[in-house]
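Structure record follows, encoded as structure tokens.
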Amino acid sequence: MAALDAFSLRLPQPYRDLVIKHQELLRFAVVGSITFVVNTVVFYGLKWTILEPKPVSALAVAVIVATIVGYVLNREWSFRTRGGRERHHEAALYFLISGVGVLINSAPLYASRYWLMLEEPHVSALTQELADFASGMLLGTVLAMVFRWWAFRKYVFPDEGARVVRDAEKLLKADARARSASE
């Protein structure tokens, strides 16, 4: 993921400042892109095989798998300097908020399939697939992403610079131990 950092250094000055200013959002977007691919592969893998008659369940499972991948990437890269909570509280809040995100992500597909009846035999197979992709993979993902961005920053990783301070404290303690051991 250092590629984004290297890329930002090669940009012309006005753009570089913009990228640096919104670095956290850009990292969140990169993680979102990765988890979107994970989500899409798992969704269609399940939808076209063992969960063929249950597309909403396939989407929910796919979102859960992508959420686990997203937690690791967001914690260690997107929000690496944020924190302020014990790790188990942070993880619990992350997955609780992501659970709400699953519901938000699934709602447009549910509405498309069961309220608007955009499923076979009411529409063609192609129309059904396009409606599933547009409602579940595009609209649902965007709505859930906006909600998660807001909620992660507000509740899961609330304190800017918290992990930088903790890392610095750990380094100071390790340095003090090394000095006392050498004396």
**OP:** Look at the rings of F133 and F36 and say which category their plane angle falls in: under 30° parallel, 30 to 60° tilted, over 60° perpendicular.
**Re:** perpendicular
**OP:** Determine whether R113 and L118 make a side-chain contact, defined as any pair of heavy atoms from C-beta on separated by less than 4.5 Å.
**Re:** no
Original post:
Short question: side chain of E52, backbone of K47 - any donor-acceptor pair under 3.5 Å?
Top reply: no
Original post:
Any side-chain heavy-atom pair from L138 and V142 closer than 4.5 angstrom?
Top reply: no
Original post:
Taking C-beta and beyond as the side chain, do V65 and N39 meet within less than 4.5 Å on heavy atoms?
Top reply: no
**OP:** Treat each ILVMFWY residue as a node, draw an edge where side-chain heavy atoms are under 4.5 Å apart, and state whether Y94 and V100 are in one component.
**Re:** yes
Subject >> Contact check, side chains of R153 and W149, non-hydrogen atoms, under 4.5 Å >> reply: yes
Original post:
Taking the side chain from T35 and the backbone from V31, do they hold a donor-acceptor pair closer than 3.5 Å?
Top reply: yes
**OP:** Indicate, with yes or no, if V102 and Y114 share a hydrophobic cluster defined by side-chain heavy-atom contacts under 4.5 Å among Ile, Leu, Val, Met, Phe, Trp and Tyr.
**Re:** yes
Original post:
Should V69 and V37 be counted in the same cluster of Ile, Leu, Val, Met, Phe, Trp and Tyr side chains packed under 4.5 Å apart?
Top reply: no
**OP:** Hey, could you give me the NZ/CG distance between K54 and L59, rounded to the nearest 0.5 Å?
**Re:** 14.5 Å
Original post:
Does the N74 side chain pair with the main chain of G70, one donor and one acceptor, at a distance under 3.5 Å?
Top reply: yes
Original post:
Are W115 and V56 co-members of a hydrophobic cluster defined by side-chain heavy atoms under 4.5 Å apart?
Top reply: yes
**OP:** Side-chain contact test, heavy atoms from C-beta onward, threshold under 4.5 Å: evaluate it for L143 versus P108 and give yes or no.
**Re:** yes
Subject >> OH-CG distance between Y155 and L96, expressed to the nearest 0.5 angstrom >> reply: 11.0 Å
Subject >> Test ring pair (Phe, Tyr, Trp, His ring centres under 6.0 Å) applied to F43 and W48, step by step >> reply: CA-CA 8 Å; F43 172 61; W48 290 338; 8.5 Å; no
**OP:** Please report the C-alpha distance between Q23 and F28 in whole Å, then the side-chain angles of each, then the deciding distance to 0.1 Å, and finally whether the side-chain contact (heavy atoms from CB on, under 4.5 Å) criterion is met.
**Re:** CA-CA 9 Å; Q23 184 174 13; F28 181 77; over 6 Å; no
Original post:
Do the rings of F157 and F79 sit parallel, tilted or perpendicular, given the 30° and 60° boundaries?
Top reply: parallel
**OP:** Answer yes or no: is there an ion pair linking E76 with R27, defined by an N-O contact shorter than 4.0 Å?
**Re:** no
Original post:
Any link between V41 and I50 through a network of hydrophobic side chains (Ile, Leu, Val, Met, Phe, Trp, Tyr) touching at under 4.5 Å?
Top reply: no
**OP:** Check the angle between the aromatic planes of Y71 and F95 and answer parallel, tilted or perpendicular using the 30° and 60° thresholds.
**Re:** tilted
**OP:** Give the minimum heavy-atom separation between A66 and V38, together with the two atoms involved.
**Re:** CA-CG1, 4.1 Å
Subject >> Nearest-0.5 Å distance that lies between atom OG in S112 and atom CD in E119 >> reply: 8.5 Å
Original post:
Under 4.5 Å between any side-chain heavy atoms of V30 and W77, yes or no?
Top reply: yes
Original post:
In this structure, are over 12 heavy atoms from other groups packed under 6.0 Å from H122 atom NE2?
Top reply: yes
**OP:** Could you tell me the separation between the OG atom of S98 and the CG atom of L103, rounded to the nearest 0.5 Å?
**Re:** 11.0 Å
Original post:
Any side-chain heavy-atom pair from L51 and P55 closer than 4.5 angstrom?
Top reply: no
Original post:
Does T127 use its side chain to pair, donor to acceptor, with the backbone of V123 at less than 3.5 Å?
Top reply: no
Original post:
Is I97 close to F147 at the side-chain level, that is, under 4.5 Å between some pair of heavy atoms?
Top reply: yes
Original post:
Could you state the interatomic distance from CD1 (I64) to CG (N105), rounded to the nearest 0.5 Å?
Top reply: 11.0 Å
Original post:
Above 12 or not: heavy atoms from other molecules or residues under 6.0 Å from OH of Y15?
Top reply: no
**OP:** Before accepting this row, confirm whether a basic side-chain N of the pair R75/E90 lies closer than 4.0 Å to the acidic partner's carboxylate O.
**Re:** yes
